[in-house]
Amino acid sequence: MRVRDIVITGDPVLHNKSQPVTEISDYIRNLVEDMYLTMDKAPGVGLAAPQIGIPLQIFVYDWEGESGSYRNVAINPQLEISELEERPADSDNEVEGCLSVPGERFPLVRADKAVLTAQDIEGNTYEIRAEGWLARIFQHEFDHLQGLLYVDRLDKKNQKSALKAIKEHGWGDEGLSWSPGEDFLEP
Ligand code: ZN
């Protein structure tokens, strides 16, 4: 097992749809172990396979809230979400970040409710009806598997700021990554 490098925005692996997992092999089991390690080390509340350069439909998450503790893998996930409210995002309570846009945070409206259906590491299908932050995490990670980053969903003003920040960091090109556990350095 090892901590993997996290791919930074601009690499095609983050901007294209990932492929379904056809068999939960030793390769997949090892990959998922590495994903947990990398998520914990980063640290983050979720990590999708394309973020470590693997274009497969897998994400892991780790979140504790009033409704309980949730730590699992979602293989070939499907997501149903409640209606998205058309309003400005709350810059105090709806601020999101992403390990592939490290250090930056922007507010974004997400659906309040989401139903995740996925396979676990044994291949058993499970369902979670999530609300609030857990629903947000599921939407964020599910988006990664569709080739979407949260910055792609920001409103005009925030997207402008995000693109400016990405440019200032020198990101937006293929092959950039950072290593969790080491101090984050500008590439
Ligand atoms: Zn992310």
Side-chain angles (χ1 to χ4, degrees), residues 3-19 21 31-32 34-65 70-79 81 84 89 91 93-111 114 116 118 128 130 132-155 158-159 161-167 169-182 184 186-187:
V3 174
R4 306 279 189 109
D5 285 352
I6 296 180
V7 177
I8 290 174
T9 181
D11 195 288
V13 75
L14 291 173
H15 307 285
N16 287 288
K17 194 175 159 81
S18 290
Q19 298 301 310
V21 173
L31 173 67
V32 170
D34 284 1
M35 287 174 67
Y36 282 123
L37 260 188
T38 305
M39 171 178 68
D40 292 345
K41 193 78 178 180
V45 293
L47 183 76
Q51 291 186 277
I52 55 167
I54 309 290
L56 286 174
Q57 296 268 336
I58 306 173
F59 67 76
V60 292
Y61 53 92
D62 184 12
W63 186 80
E64 205 176 323
Y70 300 86
R71 181 181 173 88
N72 208 342
V73 60
I75 298 172
N76 298 332
Q78 290 179 301
L79 198 69
I81 60 170
L84 214 53
S91 53
N93 299 314
E94 295 183 312
V95 177
E96 211 165 301
C98 177
L99 296 174
S100 292
V101 192
E104 299 294 336
R105 293 164 70 77
F106 296 95
L108 174 64
V109 176
R110 292 285 195 183
L116 172 74
I128 295 179
W133 271 98
L134 185 59
R136 179 180 292 271
I137 292 165
F138 288 164
Q139 288 166 79
H140 181 113
E141 300 309 329
F142 184 79
D143 273 356
H144 271 302
L145 306 184
Q146 319 311 314
L148 271 179
L149 298 185
Y150 85 105
V151 292
D152 300 325
R153 289 191 181 273
L154 297 175
D155 64 27
N158 283 300
Q159 190 158 66
S161 309
L163 292 175
K164 189 163 168 258
I166 287 166
K167 203 176 160 198
H169 285 293
W171 299 336
D173 278 333
E174 195 168 342
L176 298 174
S177 64
W178 65 282
S179 307
E182 292 171 21
F184 178 69
E186 295 288 323

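Indexing begins at 1, ligand by ligand and atom by atom, following the structure's order.
- Between the CD1 atom of I58 and the CD atom of E141 there is a distance of 12.5 Å, given to the nearest 0.5 Å.
- No more than 12 heavy atoms of other residues, nucleotides or ligands lie within 6.0 Å of CD in Q78, so this atom counts as exposed by the packing criterion.
- At least one side-chain heavy atom of R4 sits less than 4.5 Å from a side-chain heavy atom of L31.
- Aromatic ring pairs are classed by plane angle as parallel below 30°, tilted from 30° to 60° and perpendicular above 60°; the pair Y150 and F106 is tilted.
- Within the sub-2.8 Å shell of the Zn ion (ligand 1), the protein contributes these N/O/S atoms: C98 SG, H140 NE2, H144 NE2.
- The distance from atom CG of N72 to atom CD1 of I128, rounded to the nearest 0.5 Å, is 6.5 Å.
- Between L145 and P77, the closest side-chain pair of non-hydrogen atoms falls below 4.5 Å.
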